[in-house]
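This report concerns only the one structure given below.
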Amino acid sequence: VTHDLSVYGLVGSLRRESINKRLMAAAVNLAPPGMRVDVSTLLPEIPLFNEDLVGRECDAVLQMREEVAAADALLIATPEYNGSIPGVLKNCLDWLSLPLGQSVMFEKPVALIGGSIGRLGTARGQLDLRHTFIFSRSPVVAGPEVLLSYAHEHFDADGQLTDARTIELIGTLLQNLARYTEINRPIPAPTV
Ligand SMILES: Cc1cc2nc3c(=O)[nH]c(=O)nc-3n(C[C@H](O)[C@H](O)[C@H](O)COP(=O)(O)O)c2cc1C
């Protein structure tokens with residue numbers, strides 16, 4: 001792989017001490033050579049979606065669309081709320097899905113990671129998240145699934161991820177994201 005890959009990191013929790021922010025920070029450091037993960041800071045500024053505002057989007061939405069458009073792929077680290085994804089994340093993805101037929105998400109590969117304090121480690125939330133990308137035809141990396149159960153027990157006092165298995169899985173997932181991105185790269189126009 002000779003290309004430099006830029007990955008847009010989106011965390012589905014606004015909480016200051018978020019487990020999933022820490023999981024994303026771990027992923028930033030586990031990116032394979034040639035891949036860079038930039039974590040978005042825009043989620044707290046994204047307004048509630050209202051179709052009346054389509055075509056008159058605020059700066060935060062326009063900026064996020066630009067940042068996603070400039071990236072080769074997405075990495076989402078999200079908690080699970082009541083067996084699904086947090087409203088703030090779904091709200092943001094709804095903004096990104098537009099304009100109709102011109103979404104910056106179109107065919108953009110996505111990888112998912114998540115941790116929760118419970119037993120299922122965001123399994124249900126991630127399953128819901130997968131089908132959100134059918135509409136934009138974004139290939140969601142099939143695996144390995146990164147589902148960190150009892151997540152609060154797997155970070156040290158400095159907030160560093162300590163679970164060796166999860167560290168390995170995130171590394172493999174990001175390698176697979178790089179492969180998906182290569183496969184899905186737009187075909188250059190012929191020069192003759
Ligand atoms: C409204 C709400 C619903 C939740 N639902 C679930 C759930 O369905 N499954 C689960 O494992 N944890 C659930 N939790 C607990 C989260 O795993 C825990 O709050 C976690 O720390 C949130 O992620 P964060 O640290 O990245 O913000 C829920 C928490 C909240 C606030």
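Because only heavy atoms are used, hydrogens play no part in the values below, and waters and symmetry mates are left out as well, while side chains stay in. We count ligands from 1, going down the list as the structure has it; atoms in each ligand are counted the same way. Starting from 1, each residue takes its place in the sequence as its number.
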Whether E80 side chain and G114 backbone form a donor-acceptor pair below 3.5 Å:
no
Given side chains that start at C-beta, do those of P86 and P79 come closer than 4.5 Å, heavy atoms only?
yes
Can you find a heavy atom in the side chain of Q160 that is under 4.5 Å from one in the side chain of F155?
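No, too far: nothing below the 4.5 Å cut-off.
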Compute the shortest N/O to N/O distance between I19 and ligand 1 and return yes if it is under 3.5 Å, no if not.
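I19 vs ligand 1: N/O contact under 3.5 Å present.
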For [atom], grab the closest protein heavy atom and report residue, atom and distance to one decimal in Å.
atom	answer
atom 11 (O) of ligand 1	S116 OG, 2.8 Å
atom 28 (C) of ligand 1	E80 O, 3.8 Å
atom 1 (C) of ligand 1	N82 ND2, 4.0 Å
atom 23 (O) of ligand 1	P79 CB, 3.2 Å
atom 31 (C) of ligand 1	Y81 CE2, 4.1 Å
atom 26 (O) of ligand 1	S18 OG, 2.5 Å
atom 8 (O) of ligand 1	G83 N, 2.9 Å
atom 27 (O) of ligand 1	S13 OG, 2.6 Å

For F135, I'd like to know if atom CZ has over 12 heavy atoms of other residues, nucleotides or ligands within 6.0 Å.
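Not buried by this count: 12 neighbours or fewer within 6.0 Å.
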Salt bridge E182-R179, side-chain N to carboxylate O under 4.0 Å:
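Salt bridge absent between E182 and R179.
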Using a 4.0 Å cut-off to any heavy atom of N20, which atoms of ligand 1 qualify?
23 (O), 24 (P), 26 (O)
Quickly, which of T181, V110, N176 forms a side-chain contact (heavy atoms from CB on, under 4.5 Å) with V141? Name it, please.
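Single side-chain contact (heavy atoms from CB on, under 4.5 Å) partner of V141 among T181, V110, N176: N176.
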At a 4.0 Å cut-off, with the gap strictly under it, does some heavy atom of I117 reach an atom of ligand 1?
yes
Does atom 21 (O) of ligand 1 have a protein non-hydrogen atom under 4.0 Å from it?
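Yes, because at least one protein heavy atom sits under 4.0 Å from atom 21 (O) of ligand 1.
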Can you name the closest pair of heavy atoms from K108 and L74 and give their distance?
CD-CD1, 4.4 Å
For D128 and S84, test the side chains for any donor-to-acceptor distance below 3.5 angstrom and give the result as yes or no.
yes
